[in-house]
Amino acid sequence: MGLDTLDKRYDLVKEMIDEAFAFEESVANLEDDNDWGGAMTLLDDLAALEDMICAEEIFLSACDEMGEVRTRDRDEQEEMIGIFYMDGLNVFNQEVLLPRLKHALKTLNGWGFRTERGIEFQEKASKNLAALLKKYDGLYDV
């Protein structure tokens with residue numbers, strides 16, 4: 001799955017949330033609740049990532065709307081959009097979104113899933129988080 005658009009990245013996170021819920025339900029009745037705990041921890045991280053991707057969408061939408069505002073000084077408008085887009089979105093990406101992605105990946109990989117299904121779940125989720133991390137790393141750098 002390509003992650004070039006915001007919608008594709010959002011869809012991947014939603015898909016991961018659905019898979020984590022399904023996995024969590026499938027292991028909820030096991031005596032050893034380690035895999036269940038790992039799924040719940042990942043769900044918390046994915047919910048945060050979903051909110052951050054929604055915030056990213058707000059940033060991009062605001063930039064588009066700022067470009068539609070009529071102004072007498074086009075250079076000043078472009079400078080303001082540049083500050084908002086490049087500085088604001090880049091800082092959000094570098095200081096909020098990427099650290100949360102790194103935390104989610106580190107936590108998931110260090111969890112120690114114990115069942116065969118749990119290990120498969122962890123490997124797939126880890127691969128998807130790594131792909132998101134790779135995509136966001138430098139996405140909005142100037």
Side-chain angles (χ1 to χ4, degrees), residues 1-71 74-142:
M1 169 188 277
L3 299 173
D4 293 333
T5 67
L6 182 107
D7 288 338
K8 289 179 181 179
R9 295 188 294 272
Y10 183 80
D11 289 345
L12 177 61
V13 171
K14 288 296 284 179
E15 179 183 310
M16 291 176 66
I17 288 171
D18 292 343
E19 290 172 0
F21 270 121
F23 176 73
E24 177 269 327
E25 288 176 2
S26 75
V27 297
N29 294 326
L30 294 179
E31 188 172 315
D32 182 351
D33 64 356
N34 188 70
D35 285 6
W36 176 86
M40 294 304 294
T41 300
L42 180 61
L43 277 167
D44 288 343
D45 288 332
L46 291 173
L49 288 172
E50 180 183 27
D51 289 344
M52 289 178 198
I53 290 173
C54 290
E56 176 188 9
E57 182 177 32
I58 292 168
F59 267 105
L60 294 172
S61 177
C63 284
D64 288 343
E65 288 182 27
M66 287 173 73
E68 298 298 319
V69 174
R70 291 184 357 179
T71 180
R74 184 73 179 156
D75 291 338
E76 183 178 299
Q77 181 185 32
E78 288 179 8
E79 182 179 338
M80 296 302 287
I81 292 171
I83 290 169
F84 184 79
Y85 179 79
M86 295 306 211
D87 295 340
L89 190 54
N90 186 44
V91 168
F92 171 76
N93 187 46
Q94 294 292 322
E95 302 295 326
V96 179
L97 198 143
L98 275 172
R100 186 60 185 224
L101 263 172
K102 290 174 184 175
H103 167 78
L105 185 59
K106 181 180 177 184
T107 301
L108 178 68
N109 287 337
W111 190 266
F113 286 85
R114 296 182 182 154
T115 66
E116 186 176 326
R117 282 189 327 205
I119 293 168
E120 289 172 6
F121 168 77
Q122 179 269 329
E123 288 172 351
K124 182 176 181 185
S126 179
K127 180 181 171 186
N128 287 334
L129 285 174
L132 281 168
L133 184 60
K134 182 178 179 182
K135 184 62 186 178
Y136 276 109
D137 191 23
L139 181 63
Y140 295 110
D141 287 346
V142 177

Side-chain donor-acceptor distances from residues 32-47 under 3.5 Å, at least two apart:
{"from": "Asp32", "atom 1": "OD1", "to": "Asn34", "atom 2": "N", "distance (Å)": "3.0"}
{"from": "Asp32", "atom 1": "OD1", "to": "Arg114", "atom 2": "NH1", "distance (Å)": "3.0"}
{"from": "Asp32", "atom 1": "OD2", "to": "Arg114", "atom 2": "NH1", "distance (Å)": "2.8"}
{"from": "Asn34", "atom 1": "ND2", "to": "Gly112", "atom 2": "O", "distance (Å)": "2.7"}
{"from": "Asp35", "atom 1": "OD1", "to": "Arg114", "atom 2": "N", "distance (Å)": "2.7"}
{"from": "Asp35", "atom 1": "OD2", "to": "Thr115", "atom 2": "N", "distance (Å)": "3.1"}
{"from": "Asp35", "atom 1": "OD2", "to": "Thr115", "atom 2": "OG1", "distance (Å)": "2.4"}
{"from": "Trp36", "atom 1": "NE1", "to": "Glu24", "atom 2": "OE2", "distance (Å)": "2.7"}
{"from": "Thr41", "atom 1": "OG1", "to": "Gly37", "atom 2": "O", "distance (Å)": "2.9"}
{"from": "Asp45", "atom 1": "OD1", "to": "Arg100", "atom 2": "NE", "distance (Å)": "3.4"}
{"from": "Asp45", "atom 1": "OD1", "to": "Arg100", "atom 2": "NH2", "distance (Å)": "3.0"}

Original post:
Between the main-chain N or O of Tyr136 and the side-chain N or O of Asn93, is there a donor-acceptor pair closer than 3.5 Å?
Top reply: yes

**OP:** Can you see which heavy atom on Leu133 is nearest to which on Lys102, and at what distance?
**Re:** CD1-CG, 3.6 Å

**OP:** Measure the CG-CG distance between Leu132 and Asp137 for me, rounded to the nearest 0.5 Å.
**Re:** 12.0 Å

Subject >> Thr107, Val13, Leu101, Asn109 screened by side-chain contact (heavy atoms from CB on, under 4.5 Å) with Leu129, the one that passes >> reply: Leu101

Table please: side-chain donor-acceptor pairs of residues 57-67 below 3.5 Å, with sequence neighbours left out.
none

**OP:** Establish, from distance only, whether the side-chain atoms of Glu56 and Tyr10 form a donor-acceptor pair under 3.5 Å.
**Re:** no

**OP:** Could you tell me the separation between the CG atom of Asp11 and the CG atom of Asp18, rounded to the nearest 0.5 Å?
**Re:** 10.5 Å

Original post:
How long is the gap from OG on Ser126 to CH2 on Trp111, to the nearest 0.5 Å?
Top reply: 15.0 Å

**OP:** Output, in order, the C-alpha distance, side-chain angles, deciding distance and verdict of side-chain contact (heavy atoms from CB on, under 4.5 Å) for Val91 and Gln94.
**Re:** CA-CA 5 Å; Val91 168; Gln94 294 292 322; 5.9 Å; no

**OP:** For the residue pair Leu108 and Phe113, establish whether any side-chain heavy-atom pair is separated by less than 4.5 Å.
**Re:** yes

Subject >> Value rounded to 0.5 Å, distance of CG in Leu49 from CD1 in Ile17 >> reply: 8.0 Å

Original post:
Tell me, which pairs form a salt bridge (Lys or Arg N to Asp or Glu O under 4.0 Å) where one or both residues lie in residues 115-127, sequence neighbours left out?
Top reply: Glu19-Lys124

**OP:** To the nearest 0.5 angstrom, please state how far the CD1 atom of Ile53 sits from the CG atom of Leu6.
**Re:** 6.5 Å

Subject >> Min side-chain heavy-atom separation Leu139-Arg9 under 4.5 Å >> reply: yes

